[in-house]
Amino acid sequence: MSTNGNPPPSDFIRQIVADDVAAGNNGGRVHTRFPPEPNGYLHIGHAKAICINFGVAAEFGGPCNLRFDDTNPVKEEQEYIDAIIEDVRWLGFDWADRLYYASDYFEAMYGWAEELVQKGRAYVDDQTADEIRAARGSLTEPGVESPHRNRPAAESLDLFRRMRAGEFPDGTRVLRAKIDMAHPNINLRDPIMYRIVHAAHPRQGDAWCIYPMYDWAHGLEDSIEGITHSLCSLEFENHRPLYDWFIDAINDGRDEPIHHPRQYEFARFNLTHTVMSKRKFRRMVEEGHVSGWDDPRLSTLRGLRRRGFPPEAIRNFMQRIGVSKVASTVDYALLEHCVREVLNRTSPRVMAVLNPLKVVVTNYPEGQSEELDAINNPEDEAAGTRKVPFGRELFIERDDFMEDPPRKFFRLAPGREVRLRYAYFITCQEAVKDASGQVVELRCTYDPATRGGDAPDGRKVKATLHWVSAAHAVDAEVRLYGQLFTEEFPEAKEGQDFLDCLNPDSLTTVSAKVEPSLAGAEPLKRVQFERLGYFCLDPDTTDEKLIFNRTCTLRDTWAKIQKRGRDA
RNA sequence: UGGGGAAUGGUGCAAUUGGUAGCACGCCUGACUCUGGAUCAGGAAGUUGGGGGUUCGAGUCCUCCUUCCCCAGCCA
């Protein structure tokens, strides 16, 4: 799914897949899957795996399944299943009727496990968790074989069946693969295949009290679904030999071998100014540092959605960061670039004043108003035009006026003429101040001949300001977001907790005045506030109060000039 | 100290598989502009982690070294 006319991605995984197709492997078939565990909400890190799996399949004309890896009932919940489905769909992917659950394969897995026991390739171990851990050895020392390792297959089979039947309490026995306790790859030191857990499963209820471990289950799930290319992240590279061992062990002596998927691993990525783990998100939510899993500052998919990120932008971003095996940290600016790229093309423009300063147009008749034509989106002619009301009293942005402007400030100042977008040229005659010296009102004159925004005599102005008519403006709450973390790499320093880097100013709320066309907008509606940025109507919006989230600012040259001045 | 991976401008990726390093983001100029937006034009920035070797020629091949990531859950 190329969404932006970029050349189709080419990376080491796609090359492998292309080679397989060319060689006729798997009958030329390509079938992938995205296999989340329903134990939390998806974040932008998952979006990479989603885009790769669904993307590769689509590019090669094959299907991609959505499969829940629900093998651990103590951590998984239906709520997460529903949320993940919603998020993957929002990201723009479709799995037709191929929504699967690992738990639906429990019976088949169990059958294969019994076969391995009968073949002497797996055994029931009575050791405690501590004993097993102690006997596993270390990175440099081999492990020690369990005293139960060589008990008769019939005895293990009996015990395994009784494990399933619920005769034993949690933690008393496990089923282990009989591989090699001295293997240099620790994953192959007689890994556990089943543990006893008397817990209700979100989908299986109390049908089971033994549950398969990920390593045993995952390859089998892929096998059952006929997955050709199991694409996952790098930390599972060490596990691949085990998946291969399991499939080979099942197929050993079998007339009709089960399908043997091949796994390929790619690197996850980090994003500057954020964290990327369910554990950390959970902590921020539970400790109240953010409002919830969908807080617009969070890079959960729900957070990004509420923030106003278009799914297309996230997909483009994933395409831009590519696929490799290198640990990477992507600049947040690239994500913002992708967001602006699609929002610039698609967002209706609208005028809103975030920090209102009152302007009285002294030569405009009192009580009069008129409607002016405004272009909805200069990047999209089909978006048409709308009417914007104008009157004697207006609001402009406080930042757009300076009583004593520096050289490069082009906007309004005493005696200076600027354009009000789509309206008139106005000239500032006087700045009215309160007792404290704060400017509270501007008294300006307008040139009736410049209606619509152009001067018949051809004279130019240096600046165009956005504005709203005071009589027609609608009040709105606008939530301005900054980086959640002050550091590019939260927690990068020794002994520092990532929460130490929380930005205390990541959320600022202002009372704004917006043009009346915004009244009644539907939640999640994305717009551009001219000259300010992209905004999205928050679902907290009520009939009484509009609430907007700032998705991101526009690129702002003036802000850059100011910043340079400050730094200098 | 065991095993598995990885090193290319600041960042993320390319390099027709041995032919003389390119793209994007970011940054800096300038043009244009009824958004200081967008757009357009240009620029700075790489001894391809390091040493040795093979070759007419190495980011690509060999070799030694360095650094970084992952693995010792009855988590996934």
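Worth knowing before you read on, the calculation uses all heavy atoms, side chains too, and leaves out hydrogens, waters and symmetry mates. Each chain gets a letter, A, B and so on, in the order the sequences are listed, and its residues count up from 1.
Under the side-chain hydrogen bond (donor to acceptor under 3.5 Å, both in side chains) criterion, A:Lys48 pairs with no residue, sequence neighbours left out. With sequence neighbours excluded, no residue forms a side-chain hydrogen bond (donor to acceptor under 3.5 Å, both in side chains) with A:Thr32. Every residue meeting the side-chain hydrogen bond (donor to acceptor under 3.5 Å, both in side chains) condition with A:Tyr424, not counting sequence neighbours, appears here in chain and number order: A:Glu370, A:Arg451. The side chain to side chain contact (heavy atoms under 4.5 Å, CB included) search around A:Ser223 returns A:Ile247, A:Ile258, A:His259, A:Pro261, not counting sequence neighbours. Qualifying side chain to side chain contact (heavy atoms under 4.5 Å, CB included) partners for A:Ile224, counting only residues two or more places apart in sequence or in other chains: A:Tyr105, A:Ala108, A:Trp112. Residues satisfying the side chain to side chain contact (heavy atoms under 4.5 Å, CB included) test with A:His198, not counting sequence neighbours, are A:Asp170, A:Ile196, A:Cys209. Take A:Phe12 and apply the side chain to side chain contact (heavy atoms under 4.5 Å, CB included) test, not counting sequence neighbours, and it matches A:Ile16, A:Phe266, A:Val323, A:Lys325. With sequence neighbours left out, the salt bridge (charged side-chain N to carboxylate O under 4.0 Å, His left out) criterion links A:Asp457 to A:Arg459.
Across B:A72 and B:C13, the matching P atoms stand 25 Å from one another, rounded to whole Å. Taking the P atom of each, B:C64 and B:A14 are spaced 27 Å apart, rounded to whole Å. B:A24 and B:C61 are spaced 30 Å apart, taking the C1' atom of each and rounding to whole Å. Using C1' as the reference atom, B:G9 and B:U63 are 28 Å apart when rounded to the nearest Å. For the P atoms, the distance from B:A41 to B:C32 is 15 Å, rounded to whole Å. Between B:U55 and B:U67, the distance separating the two P atoms is 32 Å to the nearest Å. Comparing the P positions of B:G43 and B:G5 gives an interatomic distance of 43 Å, to the nearest angstrom. Across B:A58 and B:U8, the matching C1' atoms stand 14 Å from one another, rounded to whole Å.
Among the atoms of the strands shown, base atoms are found under 4.0 Å from some heavy atom of A:Gln15. Across all strands shown, A:Glu530 has heavy atoms under 4.0 Å from base atoms, whether or not it also approaches the sugar-phosphate. The residue A:Glu488 sits apart from the nucleic acid: no heavy atom pair falls under 4.0 Å.
A cation-pi geometry, defined here as NZ or CZ lying under 6.0 Å from the six-membered ring centre and within 45° of its normal, does not hold between A:Arg340 and A:Tyr534.
Sequence order on RNA chain B of the closest nucleotides to A:Leu139 and A:Ile186 puts A:Leu139 first from the 5' end. Nucleotides of RNA chain B nearest to A:Ala423 and A:Thr172 differ in position, and the one nearer the 5' end is that of A:Ala423.
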Annotated protein contacts, base or backbone, on nucleotides 3-11 of chain B with a non-hydrogen cut-off under 4.0 Å, one of B, S, - each: BSSSS---S
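Here the C1' atom of nucleotide B:C28 and the CD1 atom of A:Ile561 are 13 Å apart, to the nearest Å. Nucleotide B:G36 holds its C1' atom 15 Å from the CG atom of A:Leu412, rounded to whole Å. Atom CZ in A:Arg411 sits about 13 Å away from atom P in B:U35, given to the nearest Å. Residue A:Phe266 contributes atom CZ, which lies 16 Å from atom C1' of B:C13 at whole-angstrom precision. When the P atom of B:C13 is taken as reference, atom CZ of A:Arg14 falls 13 Å away, rounded to whole Å. The distance from atom CD1 of A:Ile13 to atom P of B:C13 is 13 Å, rounded to the nearest whole Å.
Glycosidic conformation at B:G73 (O4'-C1'-N9-C4 for purines, O4'-C1'-N1-C2 for pyrimidines): syn, within 90° of 0. Base orientation at B:U17 is syn, since its O4'-C1' glycosidic dihedral falls within 90° of 0.
Using the six-membered ring where Trp is involved, A:Phe390 and A:Trp467 have ring planes that are perpendicular, over 60° apart on the 30 and 60° scheme. Using bins of under 30°, 30° to 60° and over 60° for the plane-to-plane angle, the ring pair A:Phe269/A:Phe317 lands in the perpendicular bin. Using a 30° and 60° split on the angle between ring planes, A:Trp216 and A:Phe246 fall in the perpendicular class, above 60°.
Of the candidates B:G37, B:G73, B:G36, the closest approach to any side-chain atom of A:Arg133 belongs to B:G73. Proximity note for A:Ser324 (side chain, C-beta onward) versus B:A76, B:C13, B:A24: the nearest is B:C13. With distances taken from any side-chain atom of A:Glu235 to the nucleotides B:U35, B:C75, B:C70, the minimum falls on B:C70. Here B:U29 is the nucleotide among B:U29, B:C75, B:C74 with the atom lying nearest to any side-chain atom of A:Arg564. In the set B:A76, B:G37, B:C74, B:A76 carries the atom at the smallest distance from any side-chain atom of A:Glu37. When each of B:C75, B:A24, B:U35 is scored by its nearest atom to the side-chain atoms of A:Arg320, the top-ranked nucleotide is B:A24. Proximity note for A:Arg421 (side chain, C-beta onward) versus B:G36, B:U35, B:A76: the nearest is B:U35.
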Atom pairs under 3.5 Å: protein N/O with N/O of nucleotides 39-48 of chain B:
none

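RNA chain B contains the following stems of three or more consecutive Watson-Crick or G-U pairs, with both distances under 3.5 Å: B:2-7 with B:66-71, B:10-13 with B:22-25, B:27-31 with B:39-43, B:49-53 with B:61-65.
Within the 4.0 Å cut-off from OP1 or OP2 of B:A72, not a single side-chain nitrogen or oxygen of A:Arg189 is found. Here A:Ser138 does not reach the OP1 or OP2 of B:G2: none of its side-chain N or O atoms lies under 4.0 Å away. The side chain of A:Lys560 contributes an N or O atom lying less than 4.0 Å from OP1 or OP2 of B:C27.
Aromatic stacking of A:Phe269 on B:G12: not satisfied for centres closer than 5.5 Å together with planes under 30 degrees.
Near RNA chain B, meaning a heavy atom under 4.0 Å away, the residues from residues 194-201 of chain A are A:Arg195.
A:His273 and A:Glu488 share no donor-acceptor pair across their side chains, judged by distance under 3.5 Å alone.
Atom CG of residue A:Asp215 and atom OG1 of residue A:Thr71 lie 10.0 Å apart, to the nearest 0.5 angstrom.
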Residues A:His148, A:Gln127; criterion side-chain hydrogen bond (donor to acceptor under 3.5 Å, both in side chains); working and verdict: CA-CA 8 Å; A:His148 313 287; A:Gln127 295 184 104; over 6 Å; no
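Here A:Asp373 does not pair with A:Arg386 in a salt bridge; the nearest charged N to carboxylate O distance is not below 4.0 Å.
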